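Model, not experiment: these values are computed from the prediction. So you know, we letter chains A, B, ... as the sequences are listed, proteins then strands, and number each from 1.
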Protein chains: 2
Amino acid sequence: MPEFLSDNKKYYTPVEYVFSKIGGTYKMPILWRLKDKIVRYSELKKSISNVSDRMLSKNLKELCSDGFLEKKIIAEVPVRVEYSITEKGNNSIPIISALRDYGFSLMEKDGINKK
Amino acid sequence: MPEFLSDNKKYYTPVEYVFSKIGGTYKMPILWRLKDKIVRYSELKKSISNVSDRMLSKNLKELCSDGFLEKKIIAEVPVRVEYSITEKGNNSIPIISALRDYGFSLMEKDGINKK
DNA sequence: CTGAATCCCTCACGATACTG
DNA sequence: CAGTATCGTGAGGGATTCAG
């Protein structure tokens, strides 16, 4: 099995590396919503079901520092913060799209239908 | 956000459903190894770094009951157990392959090289 | 409005020992 | 050889409160 280090953490597969960057419950939903438009914090909060401020801000910060997103603070009153996707972020969209398609086909074969 | 139920668990995205089936540390590595050949338990154990018997057997059992793998017990002495991929399992290979490719490209851009 | 800080809890996973 | 049983741990995530 391959094996490599990043940030003092051991990885065994490239897939594992992908999930360390854009895995977890909320990162792909965030990227997906930003794929073709700029969105502010409160809009993300509203559009992603059940996400807490803690998880949303934590994931946004990580996606920014990993280069997938950009953050723009507009000094109005009240303050407005806009998030947009970078080119690196856009490179993740095809794989997310493929995962969605595969998910829908799996659900269909498993007899699950959306509400 | 979409929302649906399966096994009394709530899902919000198709991607989430995919990970509930083939996510976690070992399921994709297992599927990947079985994509073009039949492999027995001890061979899987050897080829997947650091996997414990507990996790390997647990994941194999789930993949079988979810229809991704098939298990064949050969009554020799000592006993031999072979795992093979099903058609449903094979449908997951393209997405795993795409995740691998994306992982390698991410690693390259992040300046990581395999040992 | 946009978060950060704190506390708690669950569950995936690891280690070890044991069995048909 | 191919697992199961048991116990322990840590990281991801939820709820709540506070702050610029």
Side-chain angles (χ1 to χ4, degrees), chain A residues 1 6-13 15-30 33-34 38-66 69-84, chain B residues 7-13 15-16 19-30 33-34 38-66 69-84:
Chain A
M1 221 165 174
S6 174
D7 285 328
N8 283 333
K9 195 192 166 317
K10 212 171 189 177
Y11 297 91
Y12 293 96
T13 72
V15 177
E16 206 177 335
Y17 188 72
V18 171
F19 291 156
S20 76
K21 295 301 180 185
I22 61 170
T25 309
Y26 301 110
K27 285 184 176 174
M28 290 193 194
I30 290 170
R33 275 160 185 73
L34 291 174
I38 296 173
V39 183
R40 54 189 297 195
Y41 184 89
S42 55
E43 292 169 332
L44 282 171
K45 179 92 197 285
K46 263 183 295 184
S47 83
I48 302 179
S49 300
N50 296 348
V51 70
S52 64
D53 281 321
R54 170 181 147 75
M55 291 315 294
L56 181 55
S57 66
K58 187 171 176 291
N59 286 326
L60 285 169
K61 179 176 273 189
E62 288 173 10
L63 286 170
C64 284
S65 73
D66 284 332
L69 300 183
E70 263 173 11
K71 173 181 184 174
K72 186 177 175 190
I73 301 175
I74 299 163
E76 298 174 348
V77 180
V79 63
R80 153 191 289 256
V81 180
E82 292 179 342
Y83 291 91
S84 56
Chain B
D7 285 329
N8 282 334
K9 195 190 167 316
K10 214 172 188 176
Y11 297 90
Y12 293 97
T13 72
V15 177
E16 205 178 334
F19 291 156
S20 77
K21 296 300 179 186
I22 61 170
T25 310
Y26 301 110
K27 285 184 177 175
M28 289 193 195
I30 290 170
R33 274 159 186 76
L34 292 174
I38 297 174
V39 183
R40 51 192 296 195
Y41 184 89
S42 55
E43 292 170 332
L44 282 171
K45 179 93 196 285
K46 264 183 294 184
S47 83
I48 301 179
S49 300
N50 296 349
V51 70
S52 63
D53 282 319
R54 170 180 150 75
M55 293 313 296
L56 182 56
S57 67
K58 186 171 178 293
N59 286 327
L60 285 170
K61 181 176 274 191
E62 288 173 10
L63 286 169
C64 284
S65 72
D66 284 330
L69 301 183
E70 264 174 13
K71 174 180 183 173
K72 187 177 176 190
I73 302 175
I74 298 162
E76 298 173 350
V77 181
V79 63
R80 154 190 289 257
V81 178
E82 292 178 342
Y83 290 92
S84 57

Per-nucleotide protein contact string for nucleotides 10-16 of chain C, where B marks a base within reach and S marks sugar-phosphate only (heavy atoms under 4.0 Å, - for neither): ---BBB-
Grab the [atom1]-[atom2] distance between [X] and [N] for me, whole Å please.
X     : N      : atom1 : atom2 : result
A:E43 : C:dG3  : CD    : P     : 13 Å
A:L56 : D:dA15 : CG    : P     : 14 Å
B:K46 : D:dA2  : NZ    : C1'   : 13 Å
B:E62 : D:dG3  : CD    : C1'   : 15 Å
A:K10 : D:dA11 : NZ    : P     : 16 Å
B:K72 : D:dG3  : NZ    : P     : 15 Å
A:I74 : C:dT2  : CD1   : C1'   : 13 Å
A:K71 : C:dC1  : NZ    : P     : 16 Å

Output yes when at least one side-chain N/O atom of A:S42 is less than 4.0 Å from OP1 or OP2 of C:dC1, else no.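 For C:dC1, neither OP1 nor OP2 has a side-chain N or O of A:S42 closer than 4.0 Å.
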Within the pair B:Y41 and D:dT4, is there a side-chain N or O less than 4.0 Å away from OP1 or OP2?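 For B:Y41, the contact criterion (side-chain N or O under 4.0 Å from OP1 or OP2 of D:dT4) is not met.
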Show the nearest heavy-atom pair for residues B:D66 and B:K21, with the distance to one decimal.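 Residues B:D66 and B:K21, closest heavy atoms: OD1-NZ, 3.5 Å.
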So, for A:Y83 and A:K71, which heavy atoms are closest and what is the spacing to 0.1 Å?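 In terms of heavy atoms, the two residues are closest at OH-CE, 3.7 Å.
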pair B:L60-B:L44: side-chain heavy atoms closer than 4.5 Å: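 Contact flag for B:L60/B:L44 side chains = yes.
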Nearest to side-chain heavy atoms of A:R40, which nucleotide of C:dC1, D:dG3, D:dC1: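 The listed nucleotide nearest to A:R40's side chain is C:dC1.
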May I ask you to check if A:K10 and A:Y12 form a cation-pi contact, with NZ or CZ under 6.0 angstrom from the six-membered ring centre and within 45° of the axis?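 Judged by the rule, A:K10 and A:Y12 form no cation-pi pair.
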Count the heavy atoms of every other residue, nucleotide or ligand shown that sit under 6.0 Å from NZ of B:K9, and state whether that count exceeds 12.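 Yes, enclosed.
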Tell me what B:V81 touches on the nucleic acid: a base, only sugar-phosphate, or nothing, going by heavy atoms under 4.0 Å.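 Sugar-phosphate, backbone atoms only, no base.
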Tell me what B:K61 touches on the nucleic acid: a base, only sugar-phosphate, or nothing, going by heavy atoms under 4.0 Å.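 Counting heavy atoms under 4.0 Å across all strands, the contact made by B:K61 is with sugar-phosphate only.
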Going by atom types only, do B:Y26 and B:N50 share a side-chain donor-acceptor pair under 3.5 Å?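 Not at all, the side chains of B:Y26 and B:N50 share no donor-acceptor pair under 3.5 Å.
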Are B:K72 and B:E70 within salt-bridge range, i.e. N to O under 4.0 Å?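 Judged by the 4.0 Å cut-off on N to carboxylate O distance, B:K72 and B:E70 do not form a salt bridge.
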